There are 2 protein chains.
Amino acid sequence: MKKNVSLKDIANQVGVSVSLVSYVLNGHEKKMRVGEEIARQIKATAERLHYRPNQIAKSLKSKKSQTIGLIVGEIHYRFTTGIVRAIELEAKKNGYTVVIGNSHEDLGSLHELIHVLINRQVDGLIIVAAENAESEIEYLKKKEIPFVLIDRNFPSVESNFIGIDNYRIAYRAVEYLIRQGCRRIAFVNYDTTFFHLKERSRGYLEALKGQEPLLREIRKPFYEQDVAAAVRELTSPGVGCDAIFFATDTLAITGLKNLISLRVNIPEDVAFMSFDEAEAFALFQVPVTHYRQPLEEIGVSAVGMLLEEIQDGKEDGRDVKPKKWRQLYLDSTLVAGKSCRE
Amino acid sequence: MKKNVSLKDIANQVGVSVSLVSYVLNGHEKKMRVGEEIARQIKATAERLHYRPNQIAKSLKSKKSQTIGLIVGEIHYRFTTGIVRAIELEAKKNGYTVVIGNSHEDLGSLHELIHVLINRQVDGLIIVAAENAESEIEYLKKKEIPFVLIDRNFPSVESNFIGIDNYRIAYRAVEYLIRQGCRRIAFVNYDTTFFHLKERSRGYLEALKGQEPLLREIRKPFYEQDVAAAVRELTSPGVGCDAIFFATDTLAITGLKNLISLRVNIPEDVAFMSFDEAEAFALFQVPVTHYRQPLEEIGVSAVGMLLEEIQDGKEDGRDVKPKKWRQLYLDSTLVAGKSCRE
DNA sequence: TAGGTTTGCTTAAACGTTTGAGTAGAGCAC
DNA sequence: GTGCTCTACTCAAACGTTTAAGCAAACCTA
């Protein structure tokens, strides 16, 4: 790799000190009363040698890397791909680069990623937390590292958070199914400690208003077989289930595959509803009714909130003003298809 | 953000010089004959203060960031999501972090990303190039920056490359369709200057062995309307087309949506084949026949080749040995479904 | 012409780390 | 007691940048 051009190289060529070059190239020539001719020469030489400042050296000096870390649960989730672009764009607008880390939903990986990113001096973190990540969040708070959680939060740990109101959306979804004439509505969710998923179950249960629930909980590591079993059971005669509501896109797709192979007619035999959107829905013969998260908005707001957080940290005059944590709950919109007998 | 613990902090606590702490924590205590008791104290203090080396400072000194840049065409492509995980894992195994950049298939963005990443001192780049990126590649070569292209290469620019043999796979796909009894096979590809896509058309045309081709070229910015038109035309009576082969996953999905809404029976009326895999195929009533790229292998090999490249650059004793560029062509495997009357 | 101000630059320290060179003191040979 | 070799450290420079402080020369004032 060829040596990069440094301020020193320019300084030598022009015959001035490194500092002067730095002043000029940072636009401080007025303030520093640099001679016009010299300034011109410095700029021309920088141009000619294709000078690009070394960000590493800059960061070392400024203690700011102009980088934000984004830790996602899994890179191929629709939530992830939808949000990454918004975050990158918004970050770039503000002069920041995004480093993406993938936790694969694993707490250990999350722990390691947080440290790797901190050691690389990211200025802040946007995190889609893994299950049981409370202590990691506490750590960030203790170290006063700017961060924003998205999608998933923890009721026992106050923090910045942007996501949707899972309870309300699940509640409204069930109301919608009832309005469509469904009488025996099942809900397929993971067996999980994730608060955001439990909120979805809570919304479902409350909206049933005393009806006997049909809640099926799927073990994540065995979700394919568990979903298959749940769908088979729910659609078997005698159960009387006339609608299945899936708590995530992965569950919905797996459920739909099983419904297809069981030759269940949607929506005639059973109505189908998904909490999340999925690309794959496009190829199903019936437009699938689902909710759509405002991914773009979540991403943009997360960057905004994080940058404010970073700003706050800087002007921190060691006055111990009590920390204000902010939560932003956005709304999902219903995309009404034809899978719930509309 | 709380100040991080530095070597100096440890040195002060223990009452030794910064150098000694550095030696000990880097495992050079034997070579440097550090006293046992002191070494123990240094390690204990580092542990107690939760010392984490500042990677930025390390990088500045070593000129190595232990980071590789990955530039992808679009984050939500299946190719991308499939490859990212393999690359991240393999990189981590070797002590490297991956920074992902998204060019959105735009040459300008690619140009900027390359520079941003170089300024952040990535040790090398893995690139899914945008269209007409020849000059960017030449630039990397001139600057002697280690890089590996994946998925897409340029016949006019020699470089390291890992991908599949697009010509051969397209050729074999058409042979397969012929073996399935298809007589009038259409190929839907982008209207593009991309070599890898043109190779697919070439494979298709050659395999027809003189039959009159039914090649339809889609304008990328208008692909939805163009695919709709092409599918409508190809399935209209009189054309006699009995198989449509789509050159990419996006084209295939869009094509399939249109075939569905035109109520074309697959494979009875028309056989359907896709060059690439897509998640969405799972929800189509007929298992879709397609080829599957060895994404994992491409990712792993790309990291391997890049690290060798980085290694070479280091021991570069300024002996001008001629650069050897390497190309690795892997095979796609046929995933035979039922969409081609098997 | 002495004193002060302005102009236009340079010096030096700092960020946190690495690493070759330097050195004080102990031990030993002769 | 002189010279040598170990041992166990410290010093200092360097990576590329920023920025406060310093300073010589020119210019101005009275």
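Every chain is numbered from 1 and lettered A, B, ... according to where its sequence line falls, protein lines coming before strand lines. Note that the structure is a prediction, hence the values are computed from the model and not measured.
Scanning for side chain to side chain donor-acceptor pair (under 3.5 Å) contacts around A:Ser159 gives an empty result, with sequence neighbours left out.
Side-chain atoms of B:Arg120 and A:Thr67 form a donor-acceptor pair, as typed in the model, at a separation below 3.5 Å. A side-chain donor from one of B:Tyr77 and B:Glu105 sits under 3.5 Å from a side-chain acceptor of the other. Between the side chains of A:Asn4 and B:Lys143, at least one donor N or O sits under 3.5 Å from an acceptor N or O. Of the N and O atoms on the side chains of B:Thr193 and B:Glu131, at least one donor lies less than 3.5 Å from an acceptor on the other residue.
Here the side chain of A:Ser22 pairs no donor or acceptor atom with the backbone of A:Val18 at under 3.5 angstrom. B:Asn160 places a side-chain N or O within 3.5 Å of a backbone atom of B:Phe147 that can act as its donor or acceptor partner. Within the 3.5 Å criterion, the main-chain N or O of B:Glu90 finds a donor-acceptor partner in the side chain of B:Asn94. A donor-acceptor contact shorter than 3.5 Å is absent between the side chain of B:Ser65 and the backbone of B:Ser59.
Heavy atoms of B:Ser6 sit under 4.0 angstrom from primed sugar atoms or phosphate atoms, though from no base atom. The residue A:Asn4 sits apart from the nucleic acid: no heavy atom pair falls under 4.0 Å.
If you measure from atom CG of A:Asn12 to atom P of D:dT17, you get 13 Å, rounded to the nearest angstrom. Going from atom CD1 of B:Ile10 over to atom P of C:dT18 covers 11 Å, rounded to whole Å. Atom CG in A:Leu60 sits about 17 Å away from atom P in D:dA14, given to the nearest Å. Between the P atom of C:dC9 and the NZ atom of A:Lys30 lies a distance of 14 Å, rounded to the nearest Å. One interatomic measurement links the two molecules: NZ of B:Lys31 to P of C:dT18, which rounds to 12 Å at whole-angstrom precision.
Between B:Gly35 and A:Lys58, the one whose closest nucleotide on DNA chain D sits nearer the 5' end is B:Gly35.
For the segment residues 36-46 of chain B, the set of residues with a heavy atom within less than 4.0 Å of an atom of DNA chain C is empty. Contacts of residues 47-57 of chain B with DNA chain C (heavy atom under 4.0 Å): B:Tyr51, B:Pro53, B:Asn54, B:Ala57.
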Quick one: side chains of residues 45-57 of chain B, donor-acceptor pairs under 3.5 Å with protein atoms, not counting sequence neighbours, listed by atom name and distance.
{"unit_1": "B:Thr45", "atom_1": "OG1", "unit_2": "B:Gln41", "atom_2": "O", "d": "2.7"}
{"unit_1": "B:Arg48", "atom_1": "NH2", "unit_2": "B:Gln13", "atom_2": "OE1", "d": "3.0"}
{"unit_1": "B:Asn54", "atom_1": "OD1", "unit_2": "B:Ile56", "atom_2": "N", "d": "2.7"}
{"unit_1": "B:Asn54", "atom_1": "OD1", "unit_2": "B:Ala57", "atom_2": "N", "d": "3.1"}

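Direction of the helix axis in the helix from C:dT1-D:dA30 to C:dC30-D:dG1 shifts by 80° between the two five-pair termini, rounded to 10°.
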*asked:* Does the protein touch nucleotides 19-25 of chain D at the base, only the backbone, or not at all? Give it as B, S and - per nucleotide, heavy atoms under 4.0 Å.
replied: BB-----
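The distance from atom CD1 of A:Ile310 to atom NZ of A:Lys64, rounded to the nearest 0.5 Å, is 6.5 Å. Atom NE2 of A:His111 sits about 11.0 Å away from atom CD1 of A:Ile71, to the nearest 0.5 Å.
A ring-centre distance under 6.0 Å is found for B:Tyr139 and B:His115.
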